[in-house]
Amino acid sequence: MEDLKPKIICVVGPTASGKTSYAIKLAKECDGEIVSCDSMQIYKYMNIGTAKPTLEEMDGVVHHMINFVEPWVNYSVADFTTSARMHISDILARGKMPILCGGTGLYLDSTIKNIKFISEDTDVEYRKELTLFAMENGKESLHELLKDIDIVSYEKIHPNNVQRVIRALEVYKATGKPKSEIDILSRGEEIYDSEIFGLSLQREVLYDRINKRVDIMMDNGLVEEVKSILSMEVPKTATAMQAIGYKEIVRYLDGEYSLEKAVDAIKQESRHYAKRQITWFRRNEKIKWINVLGK
RNA sequence: AGGGGUGUAGCUCAGUUGGUAGAGCAAUGGUCUCCAAAACCAUGUGCCCAAGGUUCAAGUCCUUGUACCCCUG
């Protein structure tokens with residue numbers, strides 16, 4: 001049965017580890033097309049801050065799942081997996097090798113593990129309602145709401161993690177079933193025969209690369225990019241504006257941060273982000289780790 | 001040169017009337033099934049600048065030295 005699964009290649013790793021160029025190199029070697037797995041590069045206009053590959057860097061290699069969502073749209077993992085799988089099928093149908101490349105672990109895993117999310121859209125109103133409830137009655141009270149309807153999630157989710165508690169409540173409201181049960185049902189088999197490469201490098205080196213890359217982003221006009229996106233009436237609360245590099249510049253433009261503080265914050269946030277990515281990928285035993293820069 | 005201040009965890013600092021030390025940030029580890037570049041959890045032994053002294057006991061008091069900062073000439 002294993003043999004029937006189509007073969008794909010994945011390239012993962014923390015931010016600034018060199019995934020983009022590595023994937024492009026692979027694509028050229030094996031006649032592949034790249035399917036980006038990045039929660040922020042999906043947005044249009046956000047080029048500098050998301051370190052999106054330039055046309056020159058792509059060097060003729062076809063890229064998918066990049067530059068197709070307006071920044072004021074709140075895209076979702078479910079949307080992503082559907083589109084990504086379609087692209088993968090299409091690439092395979094044309095006899096080429098799909099190369100999934102990106103640092104958003106949830107997006108990549110959900111896509112290749114065939115995880116099915118509930119079909120109901122996110123309930124914005126209900127989320128607001130619950131957020132308000134938490135503010136008025138406390139996080140613990142919100143968490144207690146889970147106790148009777150989904151004891152497993154109640155025990156699994158920390159009371160402070162309001163975001164997750166809300167999602168569990170939302171799933172119950174939409175389906176009438178505990179999220180913990182639905183999660184088990186939706187746990188799919190891997191749909192591809194995937195070979196996953198992880199780029200790793202010494203922590204110090206990685207952090208240094210991150211810091212330098214942020215300086216380069218500033219030189220390349222990150223501030224101007226953020227300004228021009230804001231001028232399109234993109235709300236500051238949009239998911240796109242939560243991206244590292246964007247939210248900090250927004251604060252600078254609002255006078256909340258000095259430019260220097262904003263830059264430091266971007267570097268710091270990026271380092272934290274890289275660490276979380278490493279944690280996410282570390283537990284995936286399928287990943288073949290390669291040290292790109294030696295050491 | 002004289003006067004004053006500071007010197008405690010990688011950084012910024014707490015440390016009550018003397019009982020061998022604690023916060024924030026950083027760092028590290030972790031969770032993750034639609035806000036995921038998000039949200040959240042866990043982990044704090046450091047010659048308390050040095051050397052003497054007082055004391056049963058000193059980061060905490062005294063003396064000297066030392067580094068840095070400020071003020072006056």
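Remember, predicted model here, so these are calculated numbers, not experimental data. Protein chains get the first letters and strands the later ones, always in sequence-line order, with residue 1 at the start of each.
- For the pair Y107(A) OH and C34(B) C1', the computed distance is 8 Å after rounding to whole Å.
- Between the OH atom of Y207(A) and the C1' atom of A26(B) there is a distance of 10 Å, rounded to whole Å.
- As rounded to the nearest Å, U64(B) and C25(B) have P atoms that lie 41 Å from one another.
- Between the OH atom of Y246(A) and the C1' atom of A38(B) there is a distance of 16 Å, rounded to whole Å.
- Nucleotide A67(B) has U6(B) as its partner under the Watson-Crick or G-U criteria, with both atom distances under 3.5 Å.
- In a base pair of the Watson-Crick type (N1 to N3 plus N6-O4 or O6-N4) or a G-U wobble (N1-O2 and O6-N3), with each distance short of 3.5 Å, C13(B) is matched with G22(B).
- Among the atoms of the strands shown, base atoms are found under 4.0 Å from some heavy atom of G49(A).
- In summary, D31(A) and K96(A) engage in a salt bridge, as defined by a charged side-chain N under 4.0 Å from a carboxylate O.
- Remark: the separation of the C1' atoms in A39(B) and C34(B) is 13 Å, to the nearest Å.
- For R187(A), taking side-chain heavy atoms from C-beta onward, the closest of the listed nucleotides U33(B), C35(B), U31(B) is U33(B).
- Nucleotides G24(B) and C62(B), compared at atom P, are 32 Å apart to the nearest Å.
- In the set A26(B), C41(B), A39(B), C41(B) carries the atom at the smallest distance from any side-chain atom of N160(A).
- In terms of position along RNA chain B, the nucleotide closest to I115(A) lies nearer the 5' end than the nucleotide closest to the other residue of the pair I115(A) and R276(A).
- The pair K179(A)-D183(A) meets the salt-bridge criterion, since a charged nitrogen lies less than 4.0 angstrom from a carboxylate oxygen.
- Each of U33(B), A27(B), G30(B) was ranked by its minimum atom distance to the side chain of R282(A); first place goes to G30(B).
- Both V171(A) and N161(A) sit near RNA chain B, but only V171(A) has its closest nucleotide nearer the 5' end.
- Atom P of U16(B) sits at a distance of 14 Å from the matching atom of G22(B), rounded to the whole Å.
- Atom CZ in R127(A) sits 10.0 Å away from atom CG in L130(A) (nearest 0.5 Å).
- If you take atom P in A50(B) and the same atom in G59(B), they sit 11 Å apart, rounded to whole Å.
- Across all strands shown, U55(B) remains unpaired; no Watson-Crick or G-U wobble contact has both distances below 3.5 Å.
- Using C1' as the reference atom, G7(B) and G65(B) are 14 Å apart when rounded to the nearest Å.
- Distance NZ (K247(A)) to C1' (C35(B)): 11 Å, rounded to an integer number of Å.
- Ranking C40(B), A38(B), G29(B) by closeness to the K275(A) side chain, first place goes to G29(B).
- Between K227(A) and E224(A) there is a salt bridge, with a side-chain nitrogen of the basic residue lying less than 4.0 Å from a carboxylate oxygen of the acidic one.
- For A42(B), the paired base is U28(B) (Watson-Crick or G-U wobble, both distances below 3.5 Å).
- The phosphate of C40(B) has neither OP1 nor OP2 within less than 4.0 Å of any side-chain N or O from K156(A).
- When the P atom of U33(B) is taken as reference, atom CG of D150(A) falls 12 Å away, rounded to whole Å.
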ring-ring contact (aromatic ring centres under 6.0 Å, His included) assessment of Y75(A) paired with F68(A)
CA-CA 11 Å; Y75(A) 201 70; F68(A) 67 103; 5.6 Å; yes

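- Between A36(B), G29(B), A26(B), one nucleotide has an atom nearer to the side chain of R203(A) than all others, and that is G29(B).
- You won't find any donor-acceptor pair under 3.5 Å spanning the side chain of T239(A) and the base of C35(B), going by distance alone.
- A donor and an acceptor atom never sit less than 3.5 Å apart when one is taken from the side chain of S110(A) and the other from the base of U33(B).
- Taking the side chain of Y273(A) as heavy atoms from C-beta on, and the options C34(B), A38(B), A27(B), the nearest nucleotide is A38(B).
- If you check C35(B), C34(B), U31(B) against the side chain of A78(A), the one that comes closest is C34(B).
- Put simply, the side chain of Q242(A) and the base of A38(B) share no donor and acceptor less than 3.5 Å apart.
- As judged by a 4.0 angstrom heavy-atom cut-off over every strand, D109(A) is placed among residues making no nucleic acid contact.
- Following rounding to the nearest Å, H272(A) (NE2) and U28(B) (C1') show an atom-to-atom distance of 11 Å.
- Checked by atom type and distance alone, the side chain of R209(A) pairs as donor or acceptor with a backbone atom of A16(A) at under 3.5 Å.
- Comparing the C1' positions of A67(B) and A51(B) gives a spacing of 15 Å, expressed to the nearest Å.
- Minimum atom distance to the side chain of Q268(A) is reached by A26(B), of the listed A39(B), C34(B), A26(B).
- Taking every side-chain heavy atom of T104(A) into account, A36(B) is the closest of C35(B), A36(B), A26(B).
- Among the protein residues, T50(A) comes within range of the nucleic acid bases, having at least one heavy atom under 4.0 Å from a base atom.
- How far CD1 of I182(A) is from CG of D150(A): 9.0 Å, rounded to the nearest 0.5 Å.
- Taking atom C1' on both nucleotides, A9(B) is separated from C47(B) by 13 Å, rounded to a whole Å.
- Checked by atom type and distance alone, the side chain of T81(A) pairs as donor or acceptor with a backbone atom of A78(A) at under 3.5 Å.
- Note on K116(A): nothing from the nucleic acid sits closer than 4.0 angstrom, heavy atoms only.
- In terms of polar N and O atoms assigned as donor or acceptor, the side chain of R167(A) never comes within less than 3.5 Å of the base of A38(B) in a complementary pairing.
- Rounded to whole Å, the distance from CD on E120(A) to P on C34(B) is 13 Å.
- When the nucleotides A38(B), C34(B), A39(B) are ranked by their closest atom to the side chain of I244(A), A38(B) comes out on top.
- Residue E269(A) is classed as a sugar-phosphate contact, given heavy-atom separations below 4.0 Å to backbone atoms only.
- Here the C1' atom of nucleotide G30(B) and the CG atom of N284(A) are 16 Å apart, to the nearest Å.
- Across all strands shown, the partner of U72(B) is A1(B), judged by Watson-Crick or G-U wobble contacts whose two distances both fall under 3.5 Å.
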Please test Q41(A) against M46(A) for side-chain contact (heavy atoms from CB on, under 4.5 Å), starting from the C-alpha separation and ending with a verdict.
CA-CA 7 Å; Q41(A) 290 186 4; M46(A) 295 169 60; over 6 Å; no

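- For U33(B), the OP1/OP2 oxygens have no side-chain nitrogen or oxygen of S186(A) closer than 4.0 Å.
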